[in-house]
A.B. asks: 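Attaching a single structure in structure tokens format; questions to follow.
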Amino acid sequence: NATSIRLLNSEKRLALTGTPVENRPEELWSTFDFLAPGFLGTLQQFRKRYGRPIERGDKTAMELLHARIKPLVLRRLKTEVAKELPDKIETTLRCEMGAEQRVLYDHIAAQVRQNIQEKVDEKGAERVHLDILAAIMKLRQVCCDPRLLKVPEELTIPPSAKLELFQEIVREALESERSIIVFSQFVEMQKHIITKVQELGIEPLWLHGGTRNRDEVVAKFQDPKGPPVIVVSLRAGGTGLNLTRADTVIHYDPWWNPAVERQATDRAHRLGQTQQVHVYKLICSESIEERVLALASRKEELVRGLLGSEGSEGGKVITPQEILALLQ
């Protein structure tokens, strides 16, 4: 896409985006290389001057890049352009794993730590990136619901404390006649979530990557007489949807990318919303999920530092060492 748009002939160029930096500073370079070729140098020069120093937490590099792009950036926050929008209240809800789930989590955590450390010692952190992410995924699955591990059927699977907390939140919301969007990244988890909602006497809607009738599903949810719960895949529902009937958003399995989660939440908190929106993030205490949230907070600092929240402490992009630290 980036290569193709550079071939377009035009007298003026404008870039419009809600997430100018989603993962790393190089995304800014890509945008400006279209807008004003050469303004930030070549990609190699950008990485040497800004990208790598920012990765190391160099505040001077952060400030220099911010100062350079500031004259060409017009930033408007939703609070400035949609002042009529009601408040969005975000809450992180923690649950304690049951004894059996905790034993399983600690056992798997010890296994993956040893396995990853051996591979890091052998190949270096840069070369075991995918192995580390797979290990983190496994621990996140234990937190969400141990059934996601797909262990042999003859083994007893401990119940999920988070799934029980989720059902209680949904029950209370439904009793208050609220409408709910539930986001999850795991398709199998979405199925378990749907089952829990069905146990409350509601047949929820489901929107995922394989959904072909998206408009029909959205219309059913937006209808005041339609089902009050919709379960949505985070990626499939992150953009292009208007779900303003909802006044409750639940992120069942928060991840380190706050930009993606914010886009998902904004399916409800957008023009047309007339109610206060409550956003819940569910995490297991003393687990990798707490560290994931801390990592997400640092990514937010990166965006604020680059795009103009003066006084920001700056931040870092994710390095292999930081990802490895999640497993410690």
Side-chain angles (χ1 to χ4, degrees), residues 93 95 97-98 100-101 104-105 108 133-134 136-174 178-222 226-241 243 245-246 248-255 257 260-261 263-265 267-268 279-284 287-289 292:
L93 296 177
C95 63
M97 296 185 203
E100 294 178 348
Q101 188 178 4
L104 176 63
Y105 179 89
I108 292 178
L133 289 177
I136 292 172
M137 185 74 71
K138 199 169 187 179
L139 292 176
R140 291 179 66 217
Q141 288 176 327
V142 180
C143 293
C144 290
D145 191 328
R147 288 177 292 179
L148 298 181
L149 293 178
K150 299 187 182 300
V151 298
E153 292 184 3
E154 61 269 17
L155 296 180
T156 301
I157 305 298
S160 167
K162 185 190 287 192
L163 196 55
E164 296 303 319
L165 171 64
F166 163 79
Q167 190 178 45
E168 186 59 33
I169 294 170
V170 173
R171 178 186 291 109
E172 292 177 1
L174 292 175
R178 296 165 70 178
S179 299
I180 308 162
I181 307 173
V182 186
F183 287 106
S184 174
Q185 298 169 59
F186 306 114
V187 173
E188 288 302 313
M189 191 66 242
Q190 293 162 29
K191 294 177 182 178
H192 296 317
I193 287 171
I194 288 171
T195 299
K196 279 294 181 183
V197 176
Q198 289 172 334
E199 291 176 3
L200 297 175
I202 299 293
E203 188 61 44
L205 296 163
W206 187 19
L207 187 63
H208 52 87
T211 303
R212 293 289 175 261
N213 57 334
R214 284 168 60 99
D215 291 346
E216 182 181 330
V217 173
V218 170
K220 285 182 179 179
F221 181 75
Q222 287 291 88
V229 180
I230 183 170
V231 179
V232 184
S233 164
L234 190 65
R235 279 295 180 184
T239 56
L241 294 177
L243 301 172
R245 178 191 174 192
T248 301
V249 177
I250 300 174
H251 289 285
Y252 189 87
D253 38 53
W255 190 214
N257 198 320
V260 173
E261 285 191 354
Q263 284 181 330
T265 297
R267 299 314 96 208
V279 184
Y280 299 102
K281 294 184 180 182
L282 310 186
I283 69 169
C284 287
S287 77
I288 196 168
E289 291 186 319
V292 163

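On a predicted model such as this, the values are computed, not experimentally measured, just so you know. Numbers for residues simply follow the sequence, beginning at 1.
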A.B. asks: Please round to the nearest 0.5 Å and tell me the distance separating atom CD of Q141 and atom OG of S160.
C.D. replies: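 Those atoms lie 12.0 Å apart.
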A.B. asks: What verdict does the side-chain contact (heavy atoms from CB on, under 4.5 Å) test give for I250 and V170, after you've listed the backbone C-alpha separation in whole Å, the side-chain angles of each residue and the deciding distance to 0.1 Å?
C.D. replies: CA-CA 9 Å; I250 300 174; V170 173; 4.0 Å; yes
A.B. asks: Restricting to salt bridge (charged side-chain N to carboxylate O under 4.0 Å, His left out), what partner residues turn up for R147, sequence neighbours left out?
C.D. replies: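 For R147, the residues satisfying salt bridge (charged side-chain N to carboxylate O under 4.0 Å, His left out) (neighbours in sequence not counted) are D145.
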A.B. asks: Under the salt bridge (charged side-chain N to carboxylate O under 4.0 Å, His left out) test, which residues partner E164, sequence neighbours left out?
C.D. replies: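 So E164 forms a salt bridge (charged side-chain N to carboxylate O under 4.0 Å, His left out) with K196.
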A.B. asks: Sequence neighbours excluded, which residues qualify as ring pair (Phe, Tyr, Trp, His ring centres under 6.0 Å) partners of H192?
C.D. replies: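 Once residues adjacent in sequence are excluded, H192 has no partner under the ring pair (Phe, Tyr, Trp, His ring centres under 6.0 Å) criterion.
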A.B. asks: side-chain contact (heavy atoms from CB on, under 4.5 Å) with Q198: which residues, sequence neighbours excluded?
C.D. replies: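 Q198: side-chain contact (heavy atoms from CB on, under 4.5 Å) contacts with I194, T195, E203, P204.
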A.B. asks: Name all residues meeting the side-chain contact (heavy atoms from CB on, under 4.5 Å) criterion together with D215; count only those two or more places apart in sequence or in a different chain, and write none if there are none.
C.D. replies: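 Not a single residue meets the side-chain contact (heavy atoms from CB on, under 4.5 Å) criterion with D215.
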A.B. asks: Which residues satisfy the side chain to side chain donor-acceptor pair (under 3.5 Å) test with Q222, sequence neighbours excluded?
C.D. replies: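 Counting only residues at least two positions away or on another chain, Q222 forms a side chain to side chain donor-acceptor pair (under 3.5 Å) with T244.
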A.B. asks: If you measure from CD on E289 to SG on C95, what distance do you get to the nearest 0.5 Å?
C.D. replies: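 Going from the CD atom of E289 to the SG atom of C95 covers 7.5 Å.
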A.B. asks: List for me each residue that meets side-chain contact (heavy atoms from CB on, under 4.5 Å) alongside A246, sequence neighbours excluded, and say none if there are none.
C.D. replies: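 By the side-chain contact (heavy atoms from CB on, under 4.5 Å) rule, A246 matches I181, F221, A268.
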A.B. asks: Taking only residues two or more places apart in sequence, or in another chain, which ones meet E261 in a side chain to side chain donor-acceptor pair (under 3.5 Å)?
C.D. replies: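 Applying side chain to side chain donor-acceptor pair (under 3.5 Å) to E261 gives K281.
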A.B. asks: Looking only at heavy atoms, which two atoms of G98 and A161 are closest? And how far apart?
C.D. replies: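 So the two residues come closest at N-CB, 4.2 Å.
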A.B. asks: Just jot down the side chain to side chain donor-acceptor pair (under 3.5 Å) partners of R140, sequence neighbours excluded, or say none.
C.D. replies: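 So R140 forms no side chain to side chain donor-acceptor pair (under 3.5 Å) with any residue.
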A.B. asks: In the structure I gave you, are the side-chain heavy atoms of L207 and L241 within less than 4.5 Å of one another anywhere?
C.D. replies: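 Contact flag for L207/L241 side chains = yes.
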A.B. asks: When P159 is tested against each of Q101, E100, M97 for side-chain contact (heavy atoms from CB on, under 4.5 Å), which residue passes?
C.D. replies: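 It is E100, the one option of Q101, E100, M97 that forms the side-chain contact (heavy atoms from CB on, under 4.5 Å) with P159.
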A.B. asks: Is there a donor-acceptor pair under 3.5 Å between the side chain of K162 and the backbone N or O of L282?
C.D. replies: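 Yes; at least one donor-acceptor contact below 3.5 Å.
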A.B. asks: Apply the test side-chain contact (heavy atoms from CB on, under 4.5 Å) to residues I157 and L104: give CA-CA distance (whole Å), side-chain angles for both, the deciding distance (0.1 Å), then the verdict.
C.D. replies: CA-CA 9 Å; I157 305 298; L104 176 63; 5.8 Å; no
A.B. asks: Please name the pair of heavy atoms, one in M189 and one in C144, separated by the smallest distance, quoted to 0.1 Å.
C.D. replies: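 Here M189 and C144 meet closest at SD-CB, 3.8 Å.
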A.B. asks: E216 and side-chain contact (heavy atoms from CB on, under 4.5 Å): which partner among K220, R214, R212?
C.D. replies: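 The passing option is K220.
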A.B. asks: Take the angle between the ring planes of F166 and Y252 and call it parallel below 30°, perpendicular above 60°, tilted in between.
C.D. replies: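 The rings of F166 and Y252 stand perpendicular, inter-plane angle above 60°.
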A.B. asks: To the nearest 0.5 Å, what is the distance between CG on D253 and CE on M137?
C.D. replies: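 So the CG of D253 and the CE of M137 are separated by 9.5 Å.
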A.B. asks: Is the shortest side-chain heavy-atom distance between I283 and P254 below 4.5 Å?
C.D. replies: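 Result yes, sub-4.5 Å side-chain heavy-atom pair found.
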A.B. asks: Distance-only, no hydrogens or angles: does the Q190 side chain make a donor-acceptor pair with backbone N or O of S184 under 3.5 Å?
C.D. replies: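 Pair found, side chain donor or acceptor close to backbone of S184.
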A.B. asks: Rounded at 0.5 Å granularity, tell me how far CD1 in I193 sits from CZ in F186.
C.D. replies: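 One finds 10.5 Å between CD1 of I193 and CZ of F186.
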A.B. asks: Start with the C-alpha distance between V187 and W206, add both sets of side-chain angles, then the distance that settles side-chain contact (heavy atoms from CB on, under 4.5 Å), and finish with yes or no.
C.D. replies: CA-CA 10 Å; V187 173; W206 187 19; 4.2 Å; yes
A.B. asks: Using the salt bridge (charged side-chain N to carboxylate O under 4.0 Å, His left out) criterion, which residues pair with K138? Sequence neighbours excluded.
C.D. replies: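 K138: no salt bridge (charged side-chain N to carboxylate O under 4.0 Å, His left out) contacts found.
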A.B. asks: How long is the straight-line distance from OG1 of T265 back to CG of L234, given to the nearest 0.5 Å?
C.D. replies: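 So the CG of L234 and the OG1 of T265 are separated by 8.5 Å.
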A.B. asks: Is there a side-chain contact (heavy atoms from CB on, under 4.5 Å) between V249 and R267 once you walk through the steps?
C.D. replies: CA-CA 9 Å; V249 177; R267 299 314 96 208; over 6 Å; no
A.B. asks: About how many Å separate CD1 of I288 and CD1 of I136, when rounded to the nearest 0.5 Å?
C.D. replies: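 These two atoms lie 4.5 Å from each other.
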A.B. asks: What residues form a side chain to side chain donor-acceptor pair (under 3.5 Å) with H208, not counting sequence neighbours?
C.D. replies: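 Scan of H208 (side chain to side chain donor-acceptor pair (under 3.5 Å), adjacent residues dropped) gives none.
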